[in-house]
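Ligands are counted one by one from 1 in listed order, and the atoms in each one are counted from 1 as well. Residues take their numbers from the sequence shown, with the count starting at 1.
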Amino acid sequence: MTYRVRLMRREDVAQVAEIDREAFPTQWPPPNFQHELRNRMAHYIVAYDEEKLVEQPTAKASSGSGLTRLASRLRQLFGHDLSSSDKPSPPIENYITGFVGFWVMADEAHITSIAVREAYRRRGIGELLLLAAMDWAMELKTRIVTLEVRASNTAAQNLYLRYGFTRVGVRRGYYTDNREDALVMSTEDISSAAFQRRFRQLRRALAQKLGIAGYQIAR
Ligand SMILES: CC(C)(COP(=O)(O)OP(=O)(O)OC[C@H]1O[C@@H](n2cnc3c(N)ncnc32)[C@H](O)[C@@H]1OP(=O)(O)O)[C@@H](O)C(=O)NCCC(=O)NCCS
């Protein structure tokens with residue numbers, strides 16, 4: 001498996017929505033990722049496995065769609081039987097393993113979502129995504145990174161604690177499905193020398209763990 005990250009593109013949206021549904025099944029309404037792509041405050045990064053390619057989920061789901069029906073109607077009208085070689089092949093895409101999104105408001109980057117496919121968890125992808133998002137937030141000259149996390153979500157909290165997030169507040173009954181509290185977490189100033197030093201150490205440690213020389217957020 002090759003670990004890569006890049007900014008989310010339009011063709012990633014179906015897979016990202018699939019990962020989001022798996023990770024947050026009770027969230028309603030689900031996020032509109034198409035809309036998020038057009039939102040100038042929003043920034044999304046996906047992780048993908050460069051060695052695995054898949055048919056785009058929307059392409060599969062479209063059999064029997066209006067376009068297919070139109071093609072069959074045209075065949076009837078013009079008596080032309082489209083051989084299989086005439087049929088457009090479905091788009092082949094990178095296999096997305098996880099994503100992270102954040103909104104930039106003034107000098108704050110607020111992580112709205114981070115999720116990894118269940119089958120790909122505990123391999124360092126969540127950490128890679130958080131690192132990439134924080135890197136990107138630094139490049140965008142934000143000063144702090146904040147987020148909300150379920151009080152019971154110790155897996156995610158462990159990850160955030162490693163990256164210098166501390167608990168700065170609680171939103172009582174924030175999650176509507178079970179009225180669970182949200183912990184509000186925030187970093188210190190991410191541009192400070194101390195934070196940058198620690199961040200570089202974490203980046204090196206993760207690269208070593210994943211067996212990669214480093215990473216770049218492809219745009
Ligand atoms: C949170 C999440 C993104 C982590 O992704 P991941 O790829 O599994 O995480 P990583 O393998 O990079 O783990 C990084 C660190 O997080 C912590 N962690 C991750 N999963 C954990 C678990 N099940 N239990 C305890 N700690 C865990 C550990 O500190 C881990 O470091 P370690 O492996 O060196 O012990 C993933 O569990 C997920 O998608 N959860 C569902 C969605 C969600 O809850 N998102 C957070 C919303 S605020």
Would you say ligand 1 has an N or O under 3.5 Å from any N or O of [X]?
X      : result
Arg122 : yes
Glu148 : no
Ile114 : yes
Gly124 : yes
Tyr160 : no

Does Arg117 pair with Glu22 as a salt bridge, N-O distance under 4.0 Å?
no
Under a 4.0 Å threshold between the charged nitrogen and the carboxylate oxygen, would Arg123 count as salt-bridged to Asp49?
no
Please report which non-hydrogen protein atom sits nearest to [atom], along with the residue it belongs to and the distance in Å to one decimal place.
atom                    : value
atom 31 (O) of ligand 1 : Arg162 NH2, 3.0 Å
atom 16 (O) of ligand 1 : Leu159 CB, 3.4 Å
atom 40 (N) of ligand 1 : Arg121 CZ, 3.6 Å
atom 18 (N) of ligand 1 : Ala155 O, 3.5 Å

Assess Glu118 for proximity to ligand 1: is some non-hydrogen atom of it under 4.0 Å away?
no
Does Thr154 have a non-hydrogen atom less than 4.0 Å from ligand 1?
no
Just let me know how Arg123 lines up against ligand 1, side chain, backbone, both or neither, with a heavy-atom cut-off below 4.0 Å.
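The part of Arg123 near ligand 1 is the backbone, not the side chain.
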Pick one of side chain, backbone, both or neither for how Asn153 approaches ligand 1, counting any non-hydrogen atom pair under 4.0 Å.
side chain
Do you know the tightest heavy-atom contact between Leu130 and Tyr160?
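For Leu130 versus Tyr160, the nearest heavy atoms are CD2-CD2, 4.1 Å.
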Is atom 2 (C) of ligand 1 in close reach of the protein, with a heavy atom under 4.0 Å away?
no
Heavy atom of protein inside 4.0 Å of atom 45 (N) of ligand 1, strictly below:
yes
Mind checking the CD-CG spacing from Gln27 to Asp20? Nearest 0.5 Å is all I need.
5.5 Å
Measure the spacing between CG of Asp181 and OH of Tyr174 and express it to the nearest 0.5 Å.
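With rounding to 0.5 Å, CG (Asp181) is 12.0 Å from OH (Tyr174).
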Please name all residues satisfying salt bridge (charged side-chain N to carboxylate O under 4.0 Å, His left out) with Glu50, sequence neighbours left out, ordered by chain then number.
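With neighbours one apart ignored, the set is Arg4.
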Nearest heavy atom to atom 39 (O) of ligand 1, choosing from Asn158, Val116, Ile19, belongs to Val116
Closest to atom 4 (C) of ligand 1 (judged by heavy-atom distance), picking from Ser152, Ala23, Gly126, Ala182:
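The option holding the nearest heavy atom is Gly126.
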Within the 6.0 Å centroid threshold, strictly below: Phe102 and His110
no
What do you reckon, are the aromatic ring centroids of Tyr120 and Tyr95 less than 6.0 Å apart?
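So the answer is yes for these two rings.
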Assess the side chains of Asp12 and Gln15: does a donor N or O sit below 3.5 Å from an acceptor N or O?
no
What residues, two or more places apart in sequence or in another chain, satisfy side-chain contact (heavy atoms from CB on, under 4.5 Å) together with Ala194?
Ser192, Arg197
